[in-house]
Protein chains: 2
Amino acid sequence: MRQIKHPNMDQVELTDIMYALSDPTRLEIVGRLANAGRKLTCGELDLNRPKSSMSHHFKILRAAGLVETLIEGTEHMNALRVAEIEQKFPGVLQSVLRALA
Amino acid sequence: MRQIKHPNMDQVELTDIMYALSDPTRLEIVGRLANAGRKLTCGELDLNRPKSSMSHHFKILRAAGLVETLIEGTEHMNALRVAEIEQKFPGVLQSVLRALA
DNA sequence: TCTATAGTTCGATTATATTCGAACTATAGA
DNA sequence: TCTATAGTTCGAATATAATCGAACTATAGA
């Protein structure tokens, strides 16, 4: 598996996004990715949880189209798909990020 | 029980709102309330589901601060708390409503 | 006071999510 | 080729949610 697969925006439902953002841990991840302004590894987020739990949450964030993960060496670099989400659902992610800040 | 209790906005968490909006049935209810532009009874929504199921979803929408229910006679009149939600979490509900339309 | 109506509550069933340890995969670097 | 590192997958336990029938509450109107 060379790179992780991500959904196209036209496959993403609003309910997927709402669901992904309904968990405090995932909202925390999203907030940190937004604040970082650069790609972060899962480890850098350090939410004090087992790797398998983090992996689970990232899977859901990816499925919702919120996060893009690029494999670089042994690390997985994560970024928010802000622009794409913004185009599909204008204002939704941006207003959530504003609410988090 | 004269009137139904609703949470103050300062008791409402963003995760509550995201969770409430993550269910297709509830998103449908929210969309219809927004489009109606007036208070609707549960029955008027007519989503073809048992009363107990509808009541369950309304309970969650109320707990999330999204819906306000006023008892008038035997009917429960429901409205979105658009202005209050907008003040607490600017843009969140509005952008979701735009995405639904 | 009786009846119909609107919605809630209760309780049980089923479905879906969360959590996390253990085993696994893939890559970098020695 | 060996080892360490980063993250995924698997599996099982536990928790939370959705669904809906049946019984209940409250009000309007006859």
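In what follows, every chain begins at residue 1, and chains take the letters A, B, ... in the order their sequences are listed.
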Asker: Without decimals, in angstroms, what is the distance between B:His76 NE2 and D:dA26 C1'?
Answerer: 8 Å
Asker: Nearest of C:dT8, D:dT8, D:dA18 to any side-chain atom of B:Cys42?
Answerer: C:dT8
Asker: What is the separation between atom CD1 on A:Ile71 and atom P on D:dT8, rounded to the nearest whole Å?
Answerer: 8 Å
Asker: State the CD-OG1 distance between A:Glu28 and B:Thr15, to the nearest 0.5 angstrom.
Answerer: 12.0 Å
Asker: Distance check needed: D:dA17 C1' versus B:Lys59 NZ, whole Å only.
Answerer: 13 Å
Asker: Could you give me the CA-CA distance, side-chain angles and deciding distance for B:Arg38 and B:Glu44, then say whether salt bridge (Lys or Arg N to Asp or Glu O under 4.0 Å) is met?
Answerer: CA-CA 12 Å; B:Arg38 62 180 180 89; B:Glu44 274 179 310; 3.1 Å; yes
Asker: Mind running a 4.0 Å heavy-atom check of residues 48-58 of chain A against DNA chain C and sending the residues that fall below it, in number order?
Answerer: A:Pro50, A:Ser52, A:Ser53, A:His56, A:His57
Asker: Just checking, any donor-acceptor pair under 3.5 angstrom between side chains of A:His6 and A:Arg62?
Answerer: no
Asker: Provide the Watson-Crick or G-U wobble partner of C:dA12, both distances under 3.5 Å; none if there is no partner.
Answerer: D:dT19
Asker: So, OP1 or OP2 of C:dT16: does either fall under 4.0 Å of a side-chain N or O from B:Tyr19?
Answerer: no
Asker: Looking only at the side chain of A:Thr74 (C-beta and beyond, no hydrogens), which of the listed nucleotides D:dA6, C:dT18, D:dA18 gets closest?
Answerer: D:dA6
Asker: Select base, sugar-phosphate, or nothing to describe what A:Thr25 touches, counting heavy atoms under 4.0 Å on all strands.
Answerer: nothing
Asker: Starting from B:Leu100, can I reach B:Leu80 by hopping between I/L/V/M/F/W/Y residues whose side chains sit under 4.5 Å apart?
Answerer: yes
Asker: Please state how far atom CG in B:Leu70 lies from atom P in C:dA6, giving the value in whole angstrom units.
Answerer: 18 Å
Asker: Measure CZ/A:Arg2 against P/C:dT25 and give the value in whole Å, please.
Answerer: 17 Å
Asker: Pairing check on D:dA30: which nucleotide meets the Watson-Crick or G-U wobble criteria with it, both distances under 3.5 Å?
Answerer: C:dT1
Asker: Both distances below 3.5 Å, Watson-Crick or wobble geometry, any strand: find the nucleotide opposite D:dT25.
Answerer: C:dA6
Asker: A quick test of your reading: do over 12 heavy atoms of other residues, nucleotides or ligands sit less than 6.0 Å from CD of A:Gln87?
Answerer: no
Asker: Determine which nucleotide pairs with D:dA13, using a 3.5 Å limit on both distances of a Watson-Crick or G-U wobble pair.
Answerer: C:dT18
Asker: Is B:Arg62 near enough to C:dT8 that one of its side-chain N or O atoms lies under 4.0 angstrom from OP1 or OP2?
Answerer: yes
Asker: Given atom CG of B:Leu47 and atom C1' of C:dG7, what is their separation to the nearest angstrom?
Answerer: 15 Å
Asker: Under a 4.5 Å side-chain heavy-atom rule over Ile, Leu, Val, Met, Phe, Trp and Tyr, are B:Met9 and B:Leu33 clustered together?
Answerer: yes
Asker: Check the distance between C:dT18's P and A:Leu61's CG and give it to me in whole angstrom.
Answerer: 11 Å
Asker: Quick check with a 6.0 Å cut-off and a 45 degree axis cone: is A:Arg26 positioned over the face of A:Tyr19's six-membered ring?
Answerer: yes
Asker: Give the rounded distance in Å between these two atoms: CD1 of B:Ile4 and P of D:dT27.
Answerer: 12 Å
